[in-house]
J.: 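Got a structure for you, written out below as structure tokens; questions coming shortly.
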Amino acid sequence: MVRMVLLLLGASVSLLSQVPLDEAGKEGVLQVLIVDSFGKPLQGTFAVSVREVVNGVPGKEVRIAPKVTLGYGTYTLTVRGSPAYPVDKKITIDRRYQLVVVPLFLAPIESPWEGNTVRGRLPAGSRDRRCTYVRLLSALAETEYAEAAAMESGDFVFQNIKPGRYILVTLGDVGICDVVATDVLPKHEQELTLP
């Protein structure tokens with residue numbers, strides 16, 4: 001009997017940890033904004049679906065509209081649309097209204113893009129502050145980034161960066177030296193110009 005009570009208590013605590021008691025039964029509006037890798041909103045036919053995640057286990061995939069009301073909880077959001085890579089994103093509905101931006105990157109099979117080399121040179125002021133570390137972060141996608149070490153001359157190189165809008169961050173002895181918005185174009189060779 002004691003074992004049964006402990007099992008029930010454990011199950012109750014597990015369920016309660018998913019959604020706080022005061023939020024049980026609440027719903028929020030999810031708005032999905034689908035953009036290209038440069039941030040331009042895309043129109044077209046996209047398959048948008050969610051799978052509720054309970055105790056770490058994803059449930060059945062349900063197709064949704066880009067604007068939908070969902071119960072508070074954790075979901076895996078999936079967006080598919082040719083000619084882009086599919087995107088899976090973990091989201092938590094915990095407010096009355098939430099916007100999720102989903103950037104789509106063009107899949108190489110759909111374009112002549114076979115990879116690229118992106119070069120740049122740190123500004124003189126950054127070199128004077130001994131900036132040696134360079135990060136290139138997608139302005140829209142958490143999973144798209146690259147890192148490089150700048151040479152003594154300030155030159156740096158990135159390979160195989162998907163075209164899109166990026167934030168270039170340089171770091172040195174003083175911390176962050178530069179934060180610059182830049183575009184990586186669908187070209188085989190590109191020189192980044194930094195101010």
Side-chain angles (χ1 to χ4, degrees), residues 9-111 113 135-147 158 160-169 171 175-176 178-186:
L9 182 60
S12 298
V13 169
S14 177
L15 288 174
L16 291 175
S17 67
Q18 293 296 312
V19 178
L21 280 178
D22 61 337
E23 296 180 355
K26 286 190 175 182
E27 295 181 327
V29 174
L30 172 67
Q31 175 76 50
V32 180
L33 176 62
I34 302 169
V35 298
D36 69 11
S37 61
F38 292 92
K40 181 181 175 188
L42 294 173
Q43 304 299 320
T45 306
F46 300 100
V48 181
S49 61
V50 293
R51 296 182 344 156
E52 186 170 17
V53 179
V54 178
N55 293 328
V57 179
K60 181 180 175 186
E61 187 169 2
V62 178
R63 191 153 180 180
I64 62 169
K67 187 173 185 178
V68 66
T69 301
L70 296 171
Y72 278 24
T74 302
Y75 297 84
T76 299
L77 173 72
T78 302
V79 177
R80 293 180 190 90
S82 184
Y85 287 106
V87 174
D88 288 321
K89 191 170 192 162
K90 184 178 177 182
I91 61 170
T92 300
I93 304 298
D94 59 1
R95 295 185 300 274
R96 291 173 52 120
Y97 177 82
Q98 289 176 240
L99 174 68
V100 175
V101 177
V102 178
L104 296 180
F105 286 81
L106 188 65
I109 197 166
E110 301 290 345
S111 75
W113 187 77
R135 286 194 90 197
L136 192 63
L137 307 158
S138 169
L140 300 165
E142 306 90 28
T143 57
E144 294 300 323
Y145 65 92
E147 300 168 334
F158 294 111
N160 299 323
I161 306 299
K162 293 178 185 170
R165 171 64 50 104
Y166 288 84
I167 305 299
L168 185 124
V169 179
L171 299 149
I176 295 176
D178 303 287
V179 178
V180 180
T182 189
D183 288 338
V184 172
L185 304 173

J.: So how far is it from Thr78 OG1 to Ile64 CD1, rounded to the nearest 0.5 Å?
T.: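 The OG1 atom of Thr78 sits 9.5 Å away from the CD1 atom of Ile64.
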
J.: Please enumerate all residues that pass ring-ring contact (aromatic ring centres under 6.0 Å, His included) together with Phe158, with sequence neighbours excluded.
T.: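 Phe158 satisfies ring-ring contact (aromatic ring centres under 6.0 Å, His included) with Phe156 once adjacent residues are dropped.
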
J.: Excluding sequence neighbours, so at least two apart, what forms salt bridge (charged side-chain N to carboxylate O under 4.0 Å, His left out) with Asp88?
T.: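 Here no residue qualifies.
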
J.: To the nearest 0.5 Å, how far apart are OH in Tyr166 and OG1 in Thr182?
T.: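 Rounded to the nearest 0.5 Å, the OH-OG1 separation comes out at 10.5 Å.
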
J.: Return the CD1 to CG distance between Ile167 and Leu140, rounded to the nearest 0.5 Å.
T.: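 These two atoms lie 8.5 Å from each other.
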
J.: Could I get the full list of side chain to side chain donor-acceptor pair (under 3.5 Å) partners for Gln98, not counting sequence neighbours?
T.: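 Partners of Gln98 under the side chain to side chain donor-acceptor pair (under 3.5 Å) test: none.
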
J.: According to the side chain to side chain donor-acceptor pair (under 3.5 Å) rule, which pairs have a member within residues 58-69, sequence neighbours left out?
T.: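 Sorted pair list: Ser49-Glu61, Glu61-Arg80.
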
J.: Which atom names give the shortest non-hydrogen contact between Leu168 and Leu136, and what distance separates them?
T.: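 Nearest heavy atoms, Leu168 then Leu136: CD1-CD1, 3.9 Å.
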
J.: Go through the structure and list residues passing side-chain contact (heavy atoms from CB on, under 4.5 Å) with Val180, not counting sequence neighbours.
T.: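 For Val180 the side-chain contact (heavy atoms from CB on, under 4.5 Å) partners, ignoring immediate neighbours, are Asp178, Leu194, Pro195.
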
J.: Checking Asp36 side chain against Phe38 main chain: does a donor-acceptor pair fall under 3.5 Å?
T.: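 Yes, because the side chain of Asp36 sits within donor-acceptor range (under 3.5 Å) of the backbone of Phe38.
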
J.: Looking at every non-hydrogen atom in both residues, tell me the closest pair between Ala141 and Phe105 and how far apart they are.
T.: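 Shortest heavy-atom separation between Ala141 and Phe105 comes out as CB-CE1, 3.7 Å.
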
J.: In a check of side-chain contact (heavy atoms from CB on, under 4.5 Å) between Val102 and each of Leu77, Val48, Leu33, Leu42, which one passes?
T.: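 Testing each of Leu77, Val48, Leu33, Leu42 against Val102, the sole residue satisfying side-chain contact (heavy atoms from CB on, under 4.5 Å) is Leu77.
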
J.: Is there a side-chain contact between Val87 and Ile34 (heavy atoms, below 4.5 Å)?
T.: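 Heavy-atom side-chain distance check fails, nothing below 4.5 Å.
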
J.: List the atom of Lys89, the atom of Val101, and the distance in Å for their closest heavy-atom pair.
T.: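 In this case the closest contact between Lys89 and Val101 is NZ-O, 3.0 Å.
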
J.: Please check this pair: side chain of Lys26 against backbone of Arg96, looking for a donor-acceptor N/O pair closer than 3.5 Å.
T.: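 Checking the backbone N and O of Arg96 against the side chain of Lys26, no donor-acceptor pair under 3.5 Å is found.
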
J.: If you take all heavy atoms of Leu104 and Ala84, which pair is closest and at what distance?
T.: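 Leu104 and Ala84 have their closest heavy atoms at CB-CB, 3.7 Å.
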
J.: Can you tell me how far NZ of Lys90 sits from OH of Tyr75, rounded to the nearest 0.5 angstrom?
T.: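 So the gap between those two atoms works out to 13.5 Å.
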
J.: Going by side chain to side chain donor-acceptor pair (under 3.5 Å), name the residues that satisfy it together with Glu52, two or more places apart in sequence or in a different chain.
T.: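 So Glu52 forms no side chain to side chain donor-acceptor pair (under 3.5 Å) with any residue.
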
J.: Please check if the number of heavy atoms outside Phe46 that lie under 6.0 Å from its CZ is greater than 12.
T.: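 Check passes, neighbour count above 12.
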
